[in-house]
Structures are given as structure tokens and as C-alpha cells.
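Every value quoted in this text rests on a predicted model; they were computed, and no experiment measured them. Just so we're on the same page: letters track the sequence lines, and every chain starts at 1.
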2 protein chains.
Amino acid sequence: MLTKGGSLSLLPGFAEVDLAGPQLNGFQRESIALFINAASALSLPKSIGEIYGLLFSTPEPLSLDDIVERLRISKGSASEGLRWLKSLGAVNSVYVPGVRREHFTAETSLRKLASGYLRDRIDPHLDNGQERLRALEGSIDGENPDKHFQQSRLGQVRGWYQFISKVLPIVKTLAGKF
Amino acid sequence: MLTKGGSLSLLPGFAEVDLAGPQLNGFQRESIALFINAASALSLPKSIGEIYGLLFSTPEPLSLDDIVERLRISKGSASEGLRWLKSLGAVNSVYVPGVRREHFTAETSLRKLASGYLRDRIDPHLDNGQERLRALEGSIDGENPDKHFQQSRLGQVRGWYQFISKVLPIVKTLAGKF
DNA sequence: AAGTCTGTTCAAGAAAAAATGAACAGTCTG
DNA sequence: CAGACTGTTCATTTTTTCTTGAACAGACTT
């Protein structure tokens, strides 16, 4: 009978040992720790950092079940996390001949990672912000004694948006050079 | 008897109306909405966006109790939020002659806001990351067949940190120009 | 020094976010 | 087409984060 970890329960004395499934090597453990830290810096779920860290530190493409096994996280989390990483472009799907299940590797191009992150996580908020900026403008009442104060504030926020729309392209360009 | 909102319950028919305390004007409401959105973009608590938004949209300096009243949040939240904003440098303490309680206005200099944010929220993660980078380096085992793969990955992460340490100063500099 | 007035702290509760795992829907295979 | 294999979805549970409010500590006032 085959255990979940993929090992055979043949050696009564040692069976439990391997129930833990494949071991991670030191490099993998450190990579995962590093990307968990990065995930927390970006306020992303830990599981996303774990998955990316594992793929990043493993030469071979891994399947969803490989990830579940080695990280001991649920299939649901792994699936969600992979979906997120895929949509960002942080993960590449690799075809392994003769194998049905999809396999993944980490995308390591900084340009792709950065632009995917900006596109998925930042741009939506900026779009939303533009709408609110218009609403803010509309809320300034011509009769209000604070009118001038409010117009000055509005101008300030506008400047901030300009700043962002100036900085982001620079970041993307620079990212391409690393 | 004085109600919490600071209004007197003298007009039986209208008493409830004013229990709500000071009204926010349209500009304030829109500003608060805008900064709640910004807070969510930065994964910060809503209350921080509310407090900053209120200060940003109000010409007069406000005290902690003013904020509690107008935003209808607890004193604890307001105190926590102000502490956070103060440490970031997003809020200025203003001395109002003859009044004991501390009053606050919003700091609107993009340079100060950006550098405060980077200092408080990003730098600690970067420092942590540097440590983990060293641990990652130490985890590469000379006997491991993956040694070259691992060294290449290590080089990649190093490049990312270089990127960040190149980009952040640019961001700060540009922020000074807006 | 007793009494106010201010603001902070922190335990407890509420809300939000993330992880789990079982059911499900496709897809391939024989 | 029945059965195995893959991956997704989503209701539930768990964990984390935020908020509340009451107790507290310090500072000013008289």
C-alpha cells in the first residue's frame, strides 16, 4: 500500500519517518523563508510566498500535488496560490512529455514580476483613485468659505497621482535592466 | 445635561438629530473615501485612512477627541492610528495657544510622506531580507549536485536587492519634486 | 494633594482574511 | 462509457488583524 508521501510502508520500524514526505533541502527552506518575508512585506498571504519560494529553489518543474506534499498545505490553498501567481505571471507552466498533470517553474525575470505585480495589485487601486479624485473635485462647493483650501488640497492630490504615473514607468524600465 | 456629541438636548423634537455630532461636509467625506481607498491599496487599516483623510480635508487642526467625535471611532483606534501616522511623519502636532490638548494637521509633503512610509514599512523588511540573503548563501552545500542552480538563484535575488536599492532613492528624489 | 483633563494601553470582542478539505467538474484512458 | 486522474470551487474552520472601551498613568490646576 502506498502512502501519501509516495513511500512504501515496508519497514515497520521506520514507516512513520517517511510519512512526512519529501524533505526540503536547506536551500529550499531558506528560500521559502525569504519569500515568506517578501510576501509579508507586500501584505500577501504566506502561502503565496511559500509556493513561490519552493518553485524558485527547485530546479525541476513541480506539479500542484508536489507542492501540496512538500509544503504540507491544502490542495485548495495551493490551487488558489498558483492561480494568483499565474495571473501575475510569476509562474510558468511547463509541459512535461508523457505526463498529464501541469508542472510549474518560477518566473524570475524582474521585469515580468514587477509589471505583473503593478498590473494586478496597483493599477486597479489607481483606477479607483481616479474616480474618487473626480468625486472629490465635484464635492467642492462654490459657496463654501473653505473653497480655496479645498482647491489647494485637490491640487495636491492631483500632484500625487502625477508623481505615481511618472514613477511607475521608471520602475518598470529599471526592472528590465536587472 | 450634555450629550457626547457636544450638543444640548434641549429641543425635544430635534434632539436625536444632533446626537450624531458634527457633520462632515462633502469634501471631507470624499477625502475620507479617497484615503480609505489608498489605505487599502497599501494594506493599511481603514481607520488610518479615515483619520488622515479627515485631517487632510479640514483646515483647522483637530484634537484626538475631535477625531473620535467626527469619525465615530473609538478613542483607542484614534490614538493608535495617530501614533502610527505620527511615527510615519504624516501628521503634524500643532500648538494651539491656551488649549492643553494636542492638535493635529495633515502633513502633505509627498517627500515626507514617501520617505516616512519607506522608512517605517519597507526598510525593516529589507533589513530582514538582507539577513535571509546571507542565510540563503550559507545554505548552499558544496557537495550538492544542484550547487550551480542554487548559486544562480542566489545571484538573481542579489540582483533584485540591488534593483530595490537603486530604485528607492530615485523614488525619494522624485517625491521631493512634487 | 485632590480633582480634572489628556492620552495610552491592553484585554476582550468583532471583523476580515486565509487555509482547509470535501464535493464537484472536466479530461483523459482503456 | 466507466473509471481514474487533475484541478477548481466554496462552505466551513482557523488564524490574524482591527476595533472597542474601560482602566490607567501622567500632567496640569486650584
Check the distance between dT15(D)'s C1' and K46(A)'s NZ and give it to me in whole angstrom.
-> 10 Å

Round to the nearest Å and state the distance from K75(B) atom NZ to dC5(C) atom C1'.
-> 9 Å

So, do Y161(B) and L126(B) sit near enough that their side-chain heavy atoms are less than 4.5 Å apart?
-> yes

dist Q28(B):CD -> R153(A):CZ (nearest 0.5 Å) comes out at 11.5 Å

Would you indicate whether H125(B), at its atom NE2, is surrounded by more than 12 heavy atoms from other residues, nucleotides or ligands within a distance under 6.0 Å?
-> yes

Any donor-acceptor pair under 3.5 Å from Q150(B) side chain to K147(B) backbone = no

Sub-4.5 Å side-chain heavy-atom contact between I48(A) and W84(A) | yes

Atom CZ of R100(B) and atom P of dA27(D): how far apart are they, to the nearest Å?
-> 11 Å

E102(B), K86(B), H103(B) screened by side chain to side chain donor-acceptor pair (under 3.5 Å) with S93(B), the one that passes = E102(B)

Residues within residues 76-92 of chain B bordering DNA chain D, heavy-atom distance below 4.0 Å | G76(B), S77(B)

Atom CZ of R121(A) and atom C1' of dA17(C): how far apart are they, to the nearest Å?
-> 12 Å

Intermediate values then yes/no, side-chain hydrogen bond (donor to acceptor under 3.5 Å, both in side chains), D66(A) and S63(A) | CA-CA 5 Å; D66(A) 291 336; S63(A) 71; 3.2 Å; yes

May I ask you to evaluate whether R101(A) reaches the phosphate of dT6(D), defined as a side-chain N or O under 4.0 Å from OP1 or OP2?
-> yes

Given dT20(D), dG7(D), dC18(D), which nucleotide is nearest the side-chain atoms of P45(B)?
-> dC18(D)

Atom pair distance, as rounded to whole Å: CD in E69(A) and P in dT20(C) = 15 Å

Using whole Å, report how far CZ of F104(A) lies from P of dT6(D).
-> 13 Å

Whole-Å distance separating the CD1 atom of I67(B) from the C1' atom of dT6(C) | 14 Å

Starting from P on dG7(C), measure out to CG on D65(B) and report it in whole angstrom.
-> 6 Å

Closest-nucleotide 5' rank along DNA chain D - winner of S63(A) and I73(B) | S63(A)

